[in-house]
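Taking it in order: structure first as structure tokens, then the write-up.
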2 protein chains.
Amino acid sequence: MGISERKEREKGEMKKMITTAAMKMFLEDGYAKTSIRNIADSIEYSPGTIYLYYKDKDELLYEVQAQAFLQLLETFKTKAISKNPIERLEQLGKAYVSFALENPELYDLMFIIRAPMNVDEDLHKDNGVATFNCLADCLEECMKNGLLIFKDPVQAGLQVWSMMHGLVSLNLRCRLKVMAIEEESIKPVLFKAVEEYLDSIVV
Amino acid sequence: MGISERKEREKGEMKKMITTAAMKMFLEDGYAKTSIRNIADSIEYSPGTIYLYYKDKDELLYEVQAQAFLQLLETFKTKAISKNPIERLEQLGKAYVSFALENPELYDLMFIIRAPMNVDEDLHKDNGVATFNCLADCLEECMKNGLLIFKDPVQAGLQVWSMMHGLVSLNLRCRLKVMAIEEESIKPVLFKAVEEYLDSIVV
DNA sequence: CAAATATACTGAATGGTGTTCAGTAAATCC
DNA sequence: GGATTTACTGAACACCATTCAGTATATTTG
């Protein structure tokens with residue numbers, strides 16, 4: 001019967017409505033300053049209704065994080081298209097840094113809360129994994145052709161991602177202030193860092 | 001007259017009493033779960049009293065952060081003592097990673113909140129700067145002797161710090177899960193990363 | 001079709017939060 | 001010794017996340 005299907009669909013639409021409003025408000029006002037009440041207000045439902053669709057505020061955040069990782073994955077797919085794996089690696093790195101610079105609040109959201117993939121064994125649709133694999137695959141292709149200094153693919157992924165994440169997260173937390181880098185030169189400085197670093201890991 | 005001096009001293013003692021309790025509770029229960037009321041309770045004063053010494057909860061955090069940076073600086077000074085700047089660089093890197101692994105809550109506290117040094121022009125006693133300079137000085141000495149691949153000292157500091165921060169912060173936010181690194185091998189894997197990376201930047 | 005049930009939603013209530021401020025009591029000053 | 005400054009209190013304010021008895025609508029059953 002079509003009724004249960006319609007119900008399912010309506011449930012999905014409601015969840016989307018909530019997450020869309022939540023994402024908008026998280027980005028505009030920050031996670032901490034966005035209350036369930038505010039979200040409920042903005043979609044014209046009572047606060048209790050949100051709890052019929054999401055266990056708590058954290059679960060709402062996880063949903064938004066999943067969407068954010070998907071967004072980053074999309075960026076990778078459109079910006080890192082070179083057939084040459086080394087070139088593609090640079091495209092990935094710059095896409096990552098650009099993403100963080102252009103969506104600082106979103107990037108922050110993706111890394112605020114500890115253990116967002118803590119449902120552990122659960123088959124939590126993990127966009128984070130898919131996004132990381134985009135990088136891992138590229139590194140693997142580079143290494144297969146002996147183009148990188150790494151011997152261990154785990155180390156390769158760890159080090160490259162750490163460098164990218166380190167660059168953008170130190171910037172987002174304003175820790176670059178201690179290096180006296182002026183605001184307007186941040187982007188070129190970070191891009192230079194990506195280029196120099198990637199140059200330093202090709203054989 | 002000695003009265004105002006005693007008052008000054010007592011004020012300082014009170015501030016220390018508050019920050020000590022705050023640090024303890026931030027580390028035990030986390031920043032978000034620690035309330036001004038809880039802190040007041042633990043030192044047996046009323047909530048209002050805390051506001052006579054600190055403007056708000058954030059200012060309390062900044063104080064704790066300053067102390068944490070001082071603590072990291074101390075770690076650097078005791079663990080990075082080699083005369084050889086390249087050796088010292090490795091000691092610094094490992095000290096940094098160890099510090100984060102051994103004090104995860106503290107490290108988190110140092111990088112949770114956006115713009116902690118946002119009093120800007122104010123001569124906010126900046127332990128963060130002093131700590132970073134420890135690294136910057138070491139890098140400068142290496143570069144002066146032509147031991148590193150870097151040409152620009154700013155890039156050197158940025159890249160090295162980014163790698164260290166990236167490694168430990170991805171770990172703290174449980175983002176290493178996507179690489180399927182087992183819990184017990186995290187420390188050796190991170191140390192290996194530090195060694196490999198530093199090897200890759202010496203000429 | 002009507003009664004029974006299931007679903008979707010409400011909004012007040014609970015027990016918290018950061019922060020303020022009138023009031024009080026003690027210490028210091030004149 | 002009276003006036004004033006200082007240190008502190010704790011109730012009050014405006015929020016917060018979350019829960020849950022109650023209601024109204026939709027669906028199913030007899």
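A, B, ... follow the sequence lines: proteins, then strands. Residue 1 opens every chain.
Computed from coordinates, the A:Glu13 CD to C:dT7 P distance equals 19 Å when rounded to whole Å. Here the P atom of nucleotide C:dT19 and the CG atom of B:Leu52 are 13 Å apart, to the nearest Å. Atom OH of A:Tyr45 is separated from atom P of C:dA8 by 11 Å (rounded to the nearest Å). Here D:dC8 presents its C1' atom at 13 Å from CD of B:Glu10, a figure rounded to the nearest Å. The distance between atom OH of B:Tyr54 and atom P of D:dC8, rounded to the nearest whole Å, is 13 Å. If you take CE of A:Met14 and C1' of C:dT7, they are 13 Å apart, rounded to a whole angstrom. Nucleotide C:dG11 holds its C1' atom 12 Å from the CG atom of A:Asp41, rounded to whole Å. Distance, A:Glu44 CD to C:dG11 C1': 16 Å, rounded to whole Å.
Remark: B:Lys15 is positioned above the aromatic ring of B:Tyr54, its terminal NZ or CZ atom under 6.0 angstrom from the ring centre and at most 45 degrees off the axis. A cation-pi arrangement is found for B:Lys57 relative to B:Tyr31, the charged atom lying closer than 6.0 Å to the ring centre and inside a 45° cone about the ring normal.
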Tabulate protein N/O versus nucleotide N/O from nucleotides 3-6 of chain D, keeping only pairs under 3.5 Å, one per line.
none

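The heavy-atom pair separating B:Ser82 from B:Gln91 by the smallest distance is N-OE1, 3.0 Å. In terms of heavy atoms, B:Cys134 sits closest to B:Leu92 at O-CD1, 4.0 Å.
Between the CH2 atom in B:Trp161 and the CG atom in B:Leu139 there is a gap of 12.5 Å [rounded to 0.5 Å].
Under 4.0 Å is where a charged nitrogen must lie from a carboxylate oxygen, and between A:Glu90 and A:Lys94 at least one such pair does.
No side-chain heavy atom of B:Met14 sits under 4.5 Å from any side-chain heavy atom of B:Leu52. The side-chain heavy atoms of B:Thr19 and B:Met23, taken from C-beta on, include no pair separated by under 4.5 Å.
Note on B:Tyr53: only backbone sugar-phosphate atoms sit closer than 4.0 angstrom, heavy atoms only; bases stay farther off.
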remark   = Given protein heavy atoms under 4.0 Å, the one-letter contact record of nucleotides 10-18 of chain D, with B base, S sugar-phosphate only and - none, is simply B-B---BBB
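Ring-centre distance between A:Phe76 and A:Phe132: not below the 6.0 Å cut-off.
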